[in-house]
Number of protein chains: 2
Amino acid sequence: MKRATIGDVAAVAGVSVATVSRVLNGGAVKEATAAKVWAAVDRLDYSPNALTKSIFAGRSSTIGVVIDDLTSPFYLGLMRGIDEVADANDSLVMFASTFRHAGSGAAQIRTMNEQRVRGLIVTTVEATDDRTRRMAAGGTPCVVVARSVQDPPPRLHSVALDNRAAGRLMAEHLISCGRRSVGVITSGGRPSQHGRTEGLRQGLAEAGLELPGDAVTSVDDNEQVSAAVGALLEHRTSVDAIVCLTGRRTVAVHSALTSRGLAIPDDIGFLTMDDFAWAPALGVTVIGQPSHRMGQKAAELIVENPGEAVQLTFEPELIARTSCGESG
Amino acid sequence: MKRATIGDVAAVAGVSVATVSRVLNGGAVKEATAAKVWAAVDRLDYSPNALTKSIFAGRSSTIGVVIDDLTSPFYLGLMRGIDEVADANDSLVMFASTFRHAGSGAAQIRTMNEQRVRGLIVTTVEATDDRTRRMAAGGTPCVVVARSVQDPPPRLHSVALDNRAAGRLMAEHLISCGRRSVGVITSGGRPSQHGRTEGLRQGLAEAGLELPGDAVTSVDDNEQVSAAVGALLEHRTSVDAIVCLTGRRTVAVHSALTSRGLAIPDDIGFLTMDDFAWAPALGVTVIGQPSHRMGQKAAELIVENPGEAVQLTFEPELIARTSCGESG
DNA sequence: CTGAAAGCGCTAACAA
DNA sequence: TTGTTAGCGCTTTCAG
């Protein structure tokens, strides 16, 4: 029942533990000795203890990821990207989500630090900044996703979308589809959403269109969406397009529209963030983020561990379908 | 740059390492001493090494999860459930996916074993059976998801849907909607799909309806779906409903239908596995699995670590919407 | 090429 | 209440 240790293997093989260690990790050993060791390994079903190993390395080979909502298509793509390069580098991914806790993930980050993860990828809010900074200072490369860091210390990187560009892309497309008055749904106070709003506002302004403050509504969860959309539509009857600034709310906003009997795009235009599996079928036009590549890059930053802070910005992409009407 | 160790803390606080260990883990220490220690911890930004700790416990406090496709709504729900109870038990989730590799996850399971995970949850195919059995034999509780294990050794549990019941539920609903000839899309050779097919066949048979072998088509990926659906429809012109036996293919099958100009449910009925966010909006009737509860249960089996093997079966639930037409 | 011995950072008796 | 002393399972000098 008790697990075999390297000592047991050594005993069975009739060699020293040092020798066993060497054949396991590819040191110089005589063919014949190695064979004896492997036989013992087999017989005892020996599995080296990676935990003990990492004591010497000072850290584990695991990449930590703290995400606040796996449900969103963006994070799913991100995870796949991360997992992919982790796998290619014989790393595992240690995952913790925070969507239940208001605490914003400080606890998770602490735990990851205690686990001596090789690096950390975080998507949670600024409250965690301090912890992340200290981890980076302690030598663990950290990557912050979907948010840039002001004045980053050496090992604190970031991977983010050019949110203003995303906003502008939205404005351009809406305008080219003849929309004149947009209503916006944002979610919580994430900085990325500010960028998008600003980009949108600017893009609209360049075409002489306004985005008044009361055309922007923030919702905290899916339950609020229907009421928020309703209020927006009633308050501003001129609105001819609804823009959803976060992929997390796409379903809810879309349902809010259709369940009011509004036809998309005839009665109202609809534009949202993040491509998703059903979008082609539904004809929903989106601004796509390269979430998969972003995940890969984040993980690569961990693996390559550059000395300076690197801030990567990715370009959004308009994936035009039919939900805003005919373009041009 | 070098991390502080418990020894450093002891030195700064002017006490022994044992004392530091005690205040960190809640032993009996004098108020004043504890204060000194905490001060030192603070000053050095000390973070205890969880890896070293688990040497003594013999295993880490991490729950390992090997999943083959995070993209599927079922696995997402499962993950949430797992993460939830892991979190409640101060565990982290170590995640590895296998969807790139043909290798079916043997490597991932080995790594998890080396990481001395507290328990393992696997969703990959039978090829991994041996490894899982050995892990269980070695004392690590393992839970196999969506598949039952024949003749399970002590610590090898399973959490699965009653697939025959799911099939029967499908049959019942289709019949009550007046469908007489169904076409089936399955994916790969997963045993769960056999159960569903059998249940469906039985349920149909009880109503005097047949499910001939050529009405069942298996596809390996989304690219094959359109052709497969086309072939099925052309070969069996009587088909008035398409059943998709895996949530993983829902989008592709649905698109295959609509892109052929078929209206759901008027031209053809559509029924699939696993509820998903857009299903209400699309009116897609599904057989739901309690994926979230299944994840929770799987994680609880790890945490509670019962001596015998336990096999949990969950009941599927029909979530009737409009895609099969009017029922009754 | 191989073994003995000294740790890695921490916990757990056992004394004091 | 505290400190001393063994280890945990492994890697890594340093001799042989």
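Numbered from 1 within each chain, the chains take letters A, B, ... in sequence-line order.
- Remark: the backbone N or O of B/Asn113 is paired with a side-chain donor or acceptor of B/Arg116 at under 3.5 angstrom.
- The stretch residues 34-42 of chain B does not touch DNA chain D, since none of its heavy atoms comes less than 4.0 Å from the strand.
- In terms of heavy-atom proximity, B/Val17 sits nearest to B/Gly7 at CG1-CA, 3.7 Å.
- For B/Arg22, the salt bridge (charged side-chain N to carboxylate O under 4.0 Å, His left out) test picks out no residue, with sequence neighbours left out.
- For the salt bridge (Lys or Arg N to Asp or Glu O under 4.0 Å) criterion with A/Asp45, the lone passing option out of B/Arg110, B/Arg134, B/Arg133 is B/Arg134.
- The side chain to side chain donor-acceptor pair (under 3.5 Å) search around A/Ser148 returns none, not counting sequence neighbours.
- Whole-Å rounding puts the A/Gln115 CD to C/dG9 C1' distance at 14 Å.
- A distance-only check finds no donor-acceptor pair linking the side chain of B/Asp87 to the backbone of B/Asp83 [under 3.5 Å].
- A sub-4.0 Å separation between OP1 or OP2 of D/dG3 and a side-chain N or O of B/Thr19 is present.
- Scanning for salt bridge (charged side-chain N to carboxylate O under 4.0 Å, His left out) contacts around B/Lys36 gives an empty result, with sequence neighbours left out.
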>> Across nucleotides 7-16 of chain D, 5' to 3', mark each nucleotide with B, S or - according to how protein heavy atoms within less than 4.0 Å reach it.
In response: BBBBBB----

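- Axis deviation across the helix from C/dC1-D/dG16 to C/dA16-D/dT1 amounts to 40°, comparing end segments of five pairs, rounded to 10 degrees.
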